[in-house]
*Asks:* 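Below you will find the structure I want to go over with you.
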Amino acid sequence: MCGIVGAVAQRNIVPVLIEGLRRLEYRGYDSCGVAVLADGGPRRARSVARVADLDAQTRDTHLEGGTGVAHTRWATHGAPVTDNAHPIFSKDELALVHNGIIENYESLREMLRGKGYVFVSQTDTEVVAHLVHSLYRGDLFAAVRETVTHLDGAYAIAVEHKDHPHTVVGARQGSPLVVGLGEGENFLASDALALGGTTERFIFLEEGDVCELTLERVRIVARDGASVQREVRTVEAYGGGVELGPYRHFMQKEIFEQPRAITDTIPQSDSFDASLFGENAAAVFADIDNLLILACGTSYYSGLTAKYWLESIAKIPTQVEIASEYRYRDSVPNPKTLVVVISQSGETADTLAALKHAQALGHVHTLAVCNVATSAMVRLTSLSFHTHAGREIGVASTKAFTTQLVGLFVLAATLGKLRGTVSAAQELDYVRQLRHLPAALNSVLALEPQIIAWSDAFSRKESALFLGRGLHYPIALEGALKLKEISYIHAEAYPAGELKHGPLALVTDAMPVVAIAPNDALLEKLKSNLQEVKARGGELYVFADSDTRIASEAGMHVIRMPEHYGPLSPILHVVPLQLLAYHTAFARGTDVDKPRNLAKSVTVE
Ligand code: F6R
């Protein structure tokens with residue numbers, strides 16, 4: 001999704017801006033651009049290719065300057081063509097970059113046309129550029145502050161003006177924006193990650209903030225117009241390398257990083273303690289009698305898995321809802337609810353808005369399960385659990401998902417212990433199982449050659465069905481999502497018992513049916529469901545625990561998983577599905593790490 005980088009410095013800042021864009025590339029984008037103040041006005045380069053092409057353009061044209069704004073764009077309004085790429089100019093006097101969506105851009109455009117502004121792009125951003133220009137009376141900070149009072153929607157912006165050679169003004173509402181503090185230079189970015197290696201001191205702007213960056217100073221004004229001092233935080237972890245090592249793609253690397261990521265996420269202590277979730281977690285956990293989980297995409301599927309754990313282990317009623325649905329429907333708030341948001345990035349617009357909606361309804365008990373400790377969601381919730389997946393570059397989430405599952409399992413076990421449904425012996429057993437998980441994952445990863453052998457057949461299909469039951473139904477959903485997002489093969493998931501209520505009609509030898517077959521209480525039921533598929537000529541691909549007595553035969557291909565892993569089995573069973581999606585996509589030659597139309601961090605609605 002769109003990324004912003006801005007800078008005010010006394011050196012040529014273009015290499016820093018380009019490096020910032022490079023660091024944001026993983027979020028997904030379809031054009032990019034940079035503008036610096038030089039020769040009395042803004043000068044820019046834009047590209048509908050990659051940041052590397054933009055970099056080459058800036059070198060070829062000697063685009064240099066100390067004050068600049070840069071952008072990666074993920075198209076919302078208007079196609080990914082050069083005219084729509086940011087920075088957007090107004091009258092060749094100011095340059096502006098924008099993330100988010102301006103909902104009232106049509107009425108603003110009409111108003112600005114009436115004032116003589118000519119629109120050369122299809123973007124909603126252009127109205128913001130012209131609006132700032134129309135309100136400018138010599139003070140850029142004042143013009144931006146007035147501009148934002150006219151905007152509806154979510155945005156983060158950065159703007160520079162020819163009359164202010166050492167100033168960049170930023171504003172945020174609904175989209176993230178951070179200030180990076182340097183020595184005699186200052187920076188803006190939509191993610192602190194963009195400024196790794198440049199600075200470690202950051203101010204995370206709050207909703208409604210407008211800021212002015214000059215060489216020596218950062219001024220921030222809150223929504224109510226008051227000047228504010230925001231906390232300066234040190235964020236060290238962002239300089240980290242993003243090398244591929246021996247892997248072909250980041251997704252493959254991240255799949256293989258899961259044993260390490262899970263080791264880092266499993267709590268060190270030998271017991272499940274409320275303090276794992278924050279200082280006042282014990283008091284909060286004592287005051288709740290149900291959970292409401294809100295998330296999107298893959299994170300939603302980890303929430304669905306958690307529901308099974310929370311209701312079976314902690315016996316606590318749990319509702320899981322897609323964040324973008326929850327935020328727009330009437331719901332009945334309950335002060336005894338713990339609202340849990342799950343997010344890799346912690347910035348997903350829909351989940352963030354759902355959290356704020358829940359808070360506005362009066363929910364006070366909130367918890368984030370999140371991979372970015374400094375994210376908006378972690379800052380907004382009273383409790384949090386930090387997953388230590390490390391940076392996830394591939395758009396398709398893998399290690400973030402399995403580490404979320406670890407965090408949610410720990411939550412279920414902790415609540416179970418507090419509620420008396422988990423005995424001391426059971427607690428020890430859960431701790432033991434968690435500790436053994438990385439080794440068990442390594443043996444699942446060793447199945448890769450067998451999965452590669454299947455992927456060839458898959459790569460020639462156009463549709464696939466995924467089946468799971470109980471705790472493994474959300475894993476089937478996740479397997480189908482992985483396959484469709486990176487291989488572009490249509491895939492659907494069903495709880496296997498639902499087959500005969502409709503989807504069985506789709507089964508032919510042209511559509512592979514993937515089944516997750518753990519040796520759990522539903523195994524015999526699942527075996528009957530598999531027979532229903534076989535009897536209709538379907539081609540089955542089964543991931544079966546070794547003790548299930550499911551064997552390969554005509555129409556049924558079986559890969560043996562390690563022995564059944566109890567309640568943690570979903571964490572093992574999702575891994576071959578990730579590998580199947582990856583190798584199928586690779587065989588089809590898609591852009592695995594940056595699948596078409598998708599972005600990593602979905603910061604617009
Ligand atoms: C799919 C995927 C997405 C994200 C979703 C939520 O592989 O990655 O479905 O899970 O966009 O993102 P986060 O977890 O950052 O809130």
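Just so you know, residue 1 is the first one in the sequence shown, and it goes up from there. Just so you know, ligand 1 is whichever comes first in the structure, and atom 1 is the first atom listed for that ligand.
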*Asks:* Considering only protein heavy atoms, which is closest to atom 11 (O) of ligand 1, and at what distance to one decimal place?
*Replies:*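 Ranked first by proximity to atom 11 (O) of ligand 1 is Val602 CG2, 4.0 Å.
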
*Asks:* Considering non-hydrogen atoms of the protein only, which is the closest contact for atom 15 (O) of ligand 1, and what is the distance?
*Replies:*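 Answer, as residue, atom name and distance: Ser345 OG, 2.8 Å.
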
*Asks:* Considering only non-hydrogen protein atoms, determine which one is nearest to atom 7 (O) of ligand 1 and report residue, atom name and distance to 0.1 Å.
*Replies:*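 Answer, as residue, atom name and distance: Glu485 OE2, 2.5 Å.
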
*Asks:* Which of the atoms in ligand 1, numbered in the order shown and given with their element, are less than 4.0 Å from a heavy-atom of Ser343?
*Replies:*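 Under 4.0 Å from Ser343, ligand 1 has these atoms: 13 (P), 14 (O), 15 (O), 16 (O).
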
*Asks:* Closer than 4.0 angstrom: is that true for some heavy atom of Asn371 and an atom of ligand 1?
*Replies:*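 Contact check Asn371 vs ligand 1: negative.
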
*Asks:* Could you tell me whether some N/O pair between Gln344 and ligand 1 is separated by less than 3.5 angstrom?
*Replies:*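 N/O-N/O distance below 3.5 Å exists for this pair.
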
*Asks:* Under 3.5 Å, which donor-acceptor pairs do the side chains of residues 589-596 form with other protein atoms, sequence neighbours left out?
*Replies:*
{"residue": "Thr590", "atom": "OG1", "partner": "Ile486", "partner atom": "O", "Å": "2.7"}
{"residue": "Thr590", "atom": "OG1", "partner": "Ala585", "partner atom": "O", "Å": "3.4"}
{"residue": "Asp593", "atom": "OD1", "partner": "Phe250", "partner atom": "N", "Å": "3.3"}
{"residue": "Asp593", "atom": "OD1", "partner": "Met251", "partner atom": "N", "Å": "2.9"}
{"residue": "Asp593", "atom": "OD2", "partner": "Phe250", "partner atom": "N", "Å": "2.7"}

*Asks:* Quick test: of every protein heavy atom, which one is nearest to atom 2 (C) of ligand 1, and how far off is it to 0.1 Å?
*Replies:*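 The protein heavy atom lying closest is Thr298 OG1, 3.7 Å.
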
*Asks:* Going by heavy-atom distance to atom 14 (O) of ligand 1, choose the closest among Ser397, Gly297, Ser299.
*Replies:*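 Heavy atom nearest to atom 14 (O) of ligand 1 belongs to Ser299.
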
*Asks:* When you measure from the centre of the six-membered ring of Phe586, is the NZ or CZ of Arg248 under 6.0 Å away and within 45° of the axis?
*Replies:* yes

*Asks:* Report the part of Lys482 (side chain from C-beta onward, or backbone N, CA, C, O) that has a heavy atom under 4.0 Å from ligand 1; answer both or neither where that applies.
*Replies:*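 Lys482 to ligand 1: side-chain contact only, backbone stays beyond 4.0 Å.
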
*Asks:* Could I get the full list of ring-ring contact (aromatic ring centres under 6.0 Å, His included) partners for Tyr473, not counting sequence neighbours?
*Replies:*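 With sequence neighbours excluded, Tyr473 shows a ring-ring contact (aromatic ring centres under 6.0 Å, His included) to no residue whatsoever.
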
*Asks:* Just need the protein heavy atom nearest to atom 6 (C) of ligand 1, so name the residue and atom and give the distance.
*Replies:* Cys296 O, 3.4 Å

*Asks:* Could you tell me which atoms of ligand 1, counted from 1 in the order shown, lie closer than 4.0 angstrom to a heavy atom of Ala396?
*Replies:*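 Those atoms are 7 (O).
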
